[in-house]
Every structure is written in C-alpha cells, then in structure tokens.
Amino acid sequence: MDVTFAALKEKGETALIPFLTVGDPDPQTTVDVIIELEAAGANILELGVPYSDPLADGPVIQRASQRALTHRVTIDTCLHVAKQARERGSQLPFVLFTYYNPILQYGLDRFFEALQHHDISGMIIPDLPIEESEEMRARSREAGVSLVPLVAPTSHERIASILNGAQGFVYCVSSLGVTGERTSFHSNVEQFIKSVQASTDLPVAVGFGISSHEQVKQFSAFCDGVVVGSAIVRQIESQIPLLTDPARKADGLQQIHQFVAELKGTH
Ligand SMILES: O=P(O)(O)OC[C@@H](O)[C@@H](O)c1c[nH]c2ccccc12
C-alpha cells in the first residue's frame with residue numbers, strides 16, 4: 001500500500017479508495033465490479049464484510065449488507081472474492097473492512113493467518129474497542145497487515161494515542177455521524193486533517209460523504225487518499241437489474257466504470 005501512495009505522490013496524484021460491500025448483489029458480481037473499479041482508476045480498495053448490525057453505516061450501506069447477507073457472505077467469502085480478483089489480474093491493494101464481532105466469531109489466530117494467506121494489505125475495524133487495539137496492532141504488525149486507524153474530528157487529545165503505532169495510512173472521517181453522501185462536511189475538516197498530517201508520517205486519507213468529482217478534487221488538494229463508499233454502493237445498487245442479467249451485465253459494469261472515472265476525473 002505504501003508503494004501505491006508513494007507512486008501516486010510522485011505523480012502529484014491522490015489515491016481513489018472505493019469501498020464496496022462484498023456479495024452485493026452477489027459474490028461473483030463483486031469480483032467483476034472490483035476488476036471494473038480498477039480499470040476506472042481505483043488505486044486501493046476497501047472490501048466490506050457485511051454485518052447484521054452496521055452501527056456506523058447509513059441506509060445505503062445497510063441495504064447493501066442486507067443484500068449480501070442473503071448470500072450468507074462471511075469473512076471467508078470476502079477472502080475468496082479477493083483471491084478470485086487477484087487470479088483475474090487485479091493489482092489493487094485490498095483493505096478488509098469489518099466490524100469487530102465477525103473477527104471474534106472467526107477467531108483471532110485464524111483471522112490473521114487467513115489475511116496473510118490472501119495477500120490482504122490492511123484492515124479497518126470501526127468499532128475496535130480501545131482495550132483490544134494494542135493486541136490487534138501487535139498481531140497485525142506480526143502478520144504484515146496494516147491496521148488502519150480511523151480518526152474523527154472529535155478525537156482531539158486521543159489523536160496521539162490513536163496514531164501511535166498506526167500502520168498503512170490514517171483514515172480521517174470528514175464528518176460526525178454515519179456513512180452516506182453529504183453536501184457539506186465538518187466545519188473545520190481541512191484544519192483537522194492538517195493537524196493529523198502534522199502528527200504522522202503516514203499517508204492520510206479522508207472519507208465520509210464524498211460523492212462527486214468536485215468533492216474529490218477539494219480533498220485531493222491536501223490529502224493522500226479519498227475514500228468513496230456510499231455513492232459507489234448506490235451506483236452498484238442502481239445497476240443490480242443489469243448486473244444480474246447475463247445479457248446486460250456488461251452495460252451495468254460500464255455504468256459503474258463511468259461513475260468512478262467521473263469521480264476520479266479521468267472520464
Ligand atoms: O459511505 P461514505 O460516506 O462514502 O464513507 C466511506 C465509508 O463508506 C467506508 O469507508 C465505510 C463503510 N462503513 C464504514 C463504517 C465506519 C467508517 C467507514 C466506513
């Protein structure tokens with residue numbers, strides 16, 4: 001992942017980091033969408049493990065999780081999708097996004113072994129309890145998988161402890177509340193992000209609410225990466241009738257490609 005950020009920085013570019021829910025609308029289609037996102041200009045990919053109680057997610061991603069759970073998508077399914085995307089030639093660094101409970105169910109030893117075995121570069125765990133973070137950080141370092149910390153505009157005095165031992169990149173959330181497209185962000189978001197950048201040598205990415213090329217451009221002026229989730233998940237949702245019809249799947253994928261290329265500004 002750090003190679004990706006360094007190469008983009010060299011070119012004066014910002015990483016576009018889509019999030020998608022694995023298994024929405026089905027695991028096989030997720031592999032096709034991953035290949036399409038990469039072709040459209042994605043640089044790193046957040047692979048979301050669907051969860052029954054996604055407390056930090058807005059309605060778009062909640063619906064995606066529900067659709068994926070009808071296929072009983074688990075951590076294993078997500079890792080298998082990542083493997084299939086690799087087999088189809090994807091070079092994208094994958095960041096596994098999961099709530100903490102699925103990891104506990106899976107078992108920590110088994111989880112870290114599986115991450116290593118599937119060439120997963122990092123992970124994001126939005127509800128990782130502080131008292132568990134030390135062990136998770138140590139295990140992730142041992143496994144060579146970056147535990148990407150989330151920092152909120154209200155993290156203030158906790159920023160230093162959150163950033164201590166951080167790996168991969170730092171994920172600054174642009175606003176309080178849950179995921180979902182927004183027309184405005186936390187009042188002093190730029191100052192907040194710059195204060196995080198002053199406290200770490202890691203690349204700093206921003207996410208939450210970003211859904212247009214204008215917003216991507218706004219944040220690209222001072223961030224190393226921009227995460228877009230709900231807007232892309234909504235695109236996938238709107239294309240489900242085409243994606244699930246073999247005769248029209250290519251058209252559905254092309255629509256998603258076009259949307260992401262426009263986000264990136266390479267259309
Ligand atoms: O959906 P948005 O508003 O574009 O935000 C990115 C977000 O989807 C992704 O990073 C993510 C999905 N679920 C989360 C829960 C907490 C933090 C981040 C996330």
Side-chain angles (χ1 to χ4, degrees), residues 1 14-24 30 33 37 42-69 73 78 92-103 121-129 133 146-155 162 166 168-186 189 193 196 203-216 218-220 223-238 256 259-260 262-264:
M1 227 165 11
T14 298
L16 177 64
I17 309 173
F19 164 92
L20 56 67
T21 300
V22 175
D24 175 36
T30 297
V33 171
L37 291 178
N43 302 107
I44 294 172
L45 193 61
E46 266 185 45
L47 294 176
V49 177
Y51 184 46
S52 53
D53 183 22
L55 48 92
D57 281 301
V60 173
I61 292 179
Q62 285 183 25
R63 288 198 300 270
S65 297
Q66 286 311 317
R67 288 191 295 268
L69 289 171
V73 169
C78 298
L92 290 177
F94 294 142
V95 176
L96 195 75
F97 173 95
T98 177
Y99 287 88
Y100 192 51
N101 189 269
I103 298 175
S121 303
M123 67 188 140
I124 298 174
I125 313 170
D127 60 345
L128 177 62
S133 58
S146 300
L147 178 54
V148 175
L150 285 163
V151 187
T154 49
S155 298
I162 293 172
F169 63 92
V170 178
Y171 185 147
C172 289
V173 295
S174 72
S175 325
L176 304 181
V178 297
T179 58
E181 303 100 316
R182 285 165 166 81
T183 51
S184 65
F185 304 99
H186 193 274
V189 67
I193 291 170
V196 171
V204 173
V206 61
F208 265 52
I210 300 167
S211 58
S212 70
H213 175 60
E214 271 322 298
Q215 290 172 333
V216 169
Q218 170 193 343
F219 285 108
S220 296
C223 292
D224 303 299
V226 176
V227 179
V228 179
S230 299
I232 291 174
V233 173
R234 190 190 294 276
Q235 270 301 310
I236 293 169
E237 182 178 51
S238 68
I256 294 165
F259 179 79
V260 173
E262 279 168 11
L263 271 182
K264 179 122 182 167

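Atoms considered below: every heavy atom in the structure, side chains included; atoms not considered: hydrogens, waters and symmetry mates. Whatever order the structure lists ligands and atoms in, that order sets their numbers, starting from 1.
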With a 4.5 Å heavy-atom cut-off, do [X] and [Y] have their side chains touching?
| X | Y | answer |
| --- | --- | --- |
| Ile210 | Phe185 | yes |
| Asp224 | Phe169 | no |
| Gln235 | Val260 | no |

Taking only heavy atoms of [X] into account, list the atoms of ligand 1 that are under 4.0 Å away from them.
| X | result |
| --- | --- |
| Ala56 | 15 (C), 16 (C) |
| Val227 | 6 (C), 10 (O) |
| Pro126 | 16 (C) |

May I ask you to identify the nearest protein heavy atom to [atom], giving residue, atom name and distance to one decimal place in Å?
| atom | value |
| --- | --- |
| atom 8 (O) of ligand 1 | Ile61 CD1, 3.2 Å |
| atom 9 (C) of ligand 1 | Glu46 OE1, 3.5 Å |
| atom 13 (N) of ligand 1 | Asp57 OD1, 2.7 Å |
| atom 4 (O) of ligand 1 | Gly229 N, 2.8 Å |
| atom 6 (C) of ligand 1 | Tyr171 OH, 3.3 Å |
| atom 14 (C) of ligand 1 | Phe97 CZ, 3.1 Å |
| atom 18 (C) of ligand 1 | Phe208 CE1, 3.4 Å |
| atom 1 (O) of ligand 1 | Ser230 OG, 2.5 Å |

Worked check of side chain to side chain contact (heavy atoms under 4.5 Å, CB included) between Leu47 and Cys78: CA-CA 7 Å; Leu47 294 176; Cys78 298; 5.5 Å; no
Check whether any N or O atom of Arg182, backbone or side chain, sits under 3.5 Å from an N or O atom of ligand 1, and answer yes or no.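 The answer is no, given that Arg182 and ligand 1 share no N or O pair closer than 3.5 Å.
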Any N or O of Gly209 closer than 3.5 Å to N or O of ligand 1: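 The answer is yes, given that Gly209 and ligand 1 share an N or O pair closer than 3.5 Å.
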Tell me, please: is Gly180 in heavy-atom contact with ligand 1, that is, under 4.0 Å?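 Yes, that is the case, since the closest heavy atom of the residue is under 4.0 Å from the ligand.
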Can Gly48 be said to touch ligand 1, with heavy atoms closer than 4.0 Å?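 Checking ligand 1 against Gly48, which is what was asked, there is no heavy-atom contact under 4.0 Å.
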Mind listing the closest non-hydrogen atom pair of Gln215 and Gly209 along with its distance?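 The pair with the smallest heavy-atom distance is OE1-O, 3.5 Å.
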Heavy-atom closest pair, residues Ser230 and Glu181: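 Looking at all heavy atoms of both residues, the shortest contact is CB-OE1, 3.8 Å.
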Under the criterion side chain to side chain contact (heavy atoms under 4.5 Å, CB included), I'd like the reasoning laid out for Ile232 against Phe259: C-alpha separation, chi angles, the key distance, then a yes or no. CA-CA 8 Å; Ile232 291 174; Phe259 179 79; 4.0 Å; yes
To the nearest 0.5 Å, tell me how far Ile125 CD1 sits from Phe97 CZ. 9.5 Å
Within this structure, what is the CG-CG distance for the pair Asn101 and Asp53, rounded to the nearest 0.5 Å?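 If I round to the nearest 0.5 Å, the distance is 8.5 Å.
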Identify the residue among Leu150, Val173, Thr179, Asp57 that makes a side chain to side chain contact (heavy atoms under 4.5 Å, CB included) with Pro126.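 It is Leu150, the one option of Leu150, Val173, Thr179, Asp57 that forms the side chain to side chain contact (heavy atoms under 4.5 Å, CB included) with Pro126.
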